[in-house]
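Read through the structure below, which is laid out as structure tokens, and then see the notes.
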2 protein chains.
Amino acid sequence: MASQKHKLSANMEDYLEVIAMLKDEKGVVRVKDISDRMNVKKPSVTAAMNSLASKGLIEHERYGYIDLSVEGEKLAREVKERHDMLTRFFMDILGVSENSAETDACKIEHSLSKETSEKLMHLVEYLEMHAGERPPQWLKNLNEYIGKNK
Amino acid sequence: MASQKHKLSANMEDYLEVIAMLKDEKGVVRVKDISDRMNVKKPSVTAAMNSLASKGLIEHERYGYIDLSVEGEKLAREVKERHDMLTRFFMDILGVSENSAETDACKIEHSLSKETSEKLMHLVEYLEMHAGERPPQWLKNLNEYIGKNK
DNA sequence: GAAATATGTTAGTCTTGCTTAACTTTGTTA
DNA sequence: TAACAAAGTTAAGCAAGACTAACATATTTC
């Protein structure tokens, strides 16, 4: 079996996700970048990197750059996918402010079961699909009811 | 000011919620009941009770029963309300199994911002309202699309 | 290329929340 | 009522994750 079931803590998932984001943004990732982005101090990052490296999810040479392993990359993408889906749900469907949507997505992206996140994904797809093609009355009603533009 | 902004941890919110449930079910609440319900050992409960008592959220005499204070009762009800709303959303709208719905609700009930949970509450109300009065076509489509009855 | 600055790591501490083992108190029952 | 069982508490310890202070390595810059 290629990938043994890593049961990562929410915290470690957050670190992985941020590493993936920084890699996308800047190409390379350093302790300092992570520390700034996550509002933690550098020693906390070092400790987290040791933990992730010991699980084979990142590669990290002392004083050097940090990179995701294949396995780590895969996990990070899964988390990010849930995160983005949740953000879309909160913003596009519920009309929550970007700020709250991001914050809430960050917190619950680690807790949803596979079953629930898949079904929620379907809901988002369905609603966005219909929202795109001249919104039917019921979606307008819904948005008004929820108070999207209050 | 009557109630200073208690920023409770997710764990402490769980204890409060369980105390409220047990009080409803049995009338009185003991350490043993909480320990059984939450799958933790009794010393963990004792520690948690000391913490909640020091915050004025419960009353607890040594070797005696546990009861919610007015403030604790209020908080517990708020958590339970979010919990129930989430469970309904997962089950009634998404068609998630009761088991996953309960588990997921338990985990994220502590993390949602006020803004998001209020709007989600509105969504649930809106959809349930329309589901009740001979479900319109779009709701059927939605449920099929999500795969509610797969 | 040496000094100054930026970045990274180590060591030690704190908090939260859990555990086990041992002890105390309360309740039951013969 | 004495003894046993059930429930509660205390003490000690562990693990995750965060922090500060101090030290080590890289990178700039003059």
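Below, read A as the first sequence line, B as the second, and so on, with proteins coming before strands; counting in each chain starts at 1. The figures here come from the full heavy-atom set of this structure, side chains too, leaving out hydrogens, waters and symmetry mates.
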Pairwise 5' ranking along DNA chain D for A:Val40 and B:His60, keeping only the more 5' one: B:His60

5' priority, DNA chain D, between A:Ser44 and A:Arg62 [closest heavy atom]: A:Ser44

Rounded interatomic separation in angstrom, taking CD from B:Glu61 and P from D:dG8: 14 Å

Separation of atom CE in B:Met38 from atom P in C:dG17, rounded to whole Å: 10 Å

Short side-chain N/O contact from A:Tyr15 to OP1 or OP2 of D:dA16, under 4.0 Å: no

Nearest-nucleotide pick for A:Thr46, side chain only, options being D:dT9, C:dC18, C:dT10: C:dT10

Between D:dA11 (C1') and B:Lys42 (NZ): distance, integer Å: 15 Å

Nearest-angstrom distance from the residue atom NZ of A:Lys41 to P of C:dT9: 17 Å

Protein-nucleotide distance (B:Lys55, atom NZ; C:dG17, atom C1'), rounded to Å: 12 Å

Close aromatic pair by centroid cut-off 6.0 Å: B:Phe89 and A:Phe89: yes

Whether over 12 other heavy atoms sit under 6.0 Å from B:Asp24 CG: yes

Spacing between A:Met12 atom CE and D:dA15 atom C1', to the nearest angstrom: 12 Å

Carboxylate-amine/guanidinium proximity below 4.0 Å for B:Arg82 and B:Glu13: yes

Sugar-phosphate only, base, or nothing, as touched by A:Ser51 at under 4.0 Å among non-hydrogen atoms: nothing

Short side-chain N/O contact from B:Asn11 to OP1 or OP2 of C:dC18, under 4.0 Å: yes

Between P of D:dA26 and OH of A:Tyr63, the distance in whole Å: 7 Å

Atom-pair distance (CG on A:Asn39; P on D:dG17), nearest Å: 17 Å

Point-to-point distance, once rounded to the nearest 0.5 Å, from CG of A:Asn11 to OG of A:Ser44: 10.0 Å

Atom CD of A:Glu25: over 12 foreign heavy atoms under 6.0 Å: yes

